[in-house]
Amino acid sequence: ADEAAAHDEL
Amino acid sequence: MNVFRLTGDLSHLAAIIILLLKIWKSRSCAGISGKSQILFAIVFTTRYLDLLTSFISIYNTSMKVIYIGCAYATVYLIYMKFRATYDGNHDSFRVEFLVVPVGGLAVLVNHDFSFLEILWTFSIYLESVAILPQLFMISKTGEAETITTHYLFCLGLYRALYLLNWIWRFYFESFFDMIAIVAGVVQTVLYCDFFYLYITKVLKGKKLSLPA
């Protein structure tokens, strides 16, 4: 799995 | 976007609106921790600075703007408009004991050592503990108004639903964000005692009061 790059969550 | 993420966001929104309406309708912020609300305003401000740098969706942008706007409106109502009703004597949690360690941790443990990323990390860590002044206030006074417990329930439920969202995203999108997950687990665990009281007392029509 990839680590988060862009934060698309709130 | 999945059903857990969407219901989580809506639960979060409901919590924020419930609190604003409670204060507005009763013209009073009695029983509400202004310190927790300031922490949430800081959380949203430091997390949503990316409003200025990146666009994700209309949904994303509008929710961020609403959350930030409501957070500052709540702080304004507590510390300005209905200041006379603010129970500062019982809101005695020392927030520096949260903000300073959380700031240090954000600098040490993050995805990327950049200004915006450290602020995002800081906001995630701070959110996980920002409710502590409110819970401390309730434990000090030994009771909470029922509407305040609805607010707390929605606020706690939001992060619990995000945990399910992260499990979903791990299986179906191979996505995971360890910082958000660990902080989200901490945040949800802090509500467990309250969840128990809410289900065993408030949902059965009793007021939330703690044994002396």
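Every chain is numbered from 1, with letters handed out A, B, ... down the list of sequences.
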Look only at the side chain of B:Thr149 and the backbone of B:Thr146, and say whether a donor-acceptor pair between them is shorter than 3.5 Å.
yes

Any donor-acceptor pair under 3.5 Å from B:Asp9 side chain to B:Leu6 backbone
no

Do B:Ile138 and B:Phe194 have side-chain heavy atoms sitting under 4.5 Å apart?
no

For B:Phe44, is it the side chain, the backbone, both, or neither that has a heavy atom closer than 4.5 Å to a heavy atom of chain A?
neither

Counting only non-hydrogen atoms closer than 4.5 Å, can you tell me which residues of residues 52-81 of chain B sit against chain A?
B:Ile56, B:Tyr59, B:Asn60, B:Met63, B:Lys64, B:Tyr67

Please state whether the side chain, the backbone, both or neither of B:Asn165 comes within less than 4.5 Å of a heavy atom of chain A.
side chain

Does a side-chain heavy-atom distance below 4.5 Å link B:Trp120 with B:Ile179?
yes

Is there a side-chain contact between B:Leu135 and B:Tyr191, using heavy atoms and a 4.5 Å cut-off?
no

Nearest heavy-atom pair of B:Leu126 and B:Leu39: which atoms, and what distance?
CD2-O, 4.0 Å

Taking the basic N atoms (NZ, or NE/NH1/NH2) and the acidic carboxylate oxygens, is any pair closer than 4.0 Å for A:Asp8 and B:Arg169?
yes

Which of residues 22-38 of chain B have a heavy atom under 4.5 Å from any heavy atom of chain A?
none

Going by atom types only, do B:Asn2 and B:Glu173 share a side-chain donor-acceptor pair under 3.5 Å?
no

Listed partners of B:Tyr162 passing ring pair (Phe, Tyr, Trp, His ring centres under 6.0 Å), at least two apart
B:Tyr158, B:Trp166

Partner residues of B:Thr46 under the side chain to side chain contact (heavy atoms under 4.5 Å, CB included) criterion, sequence neighbours left out:
B:Ile42, B:Leu119, B:Phe122, B:Ser123

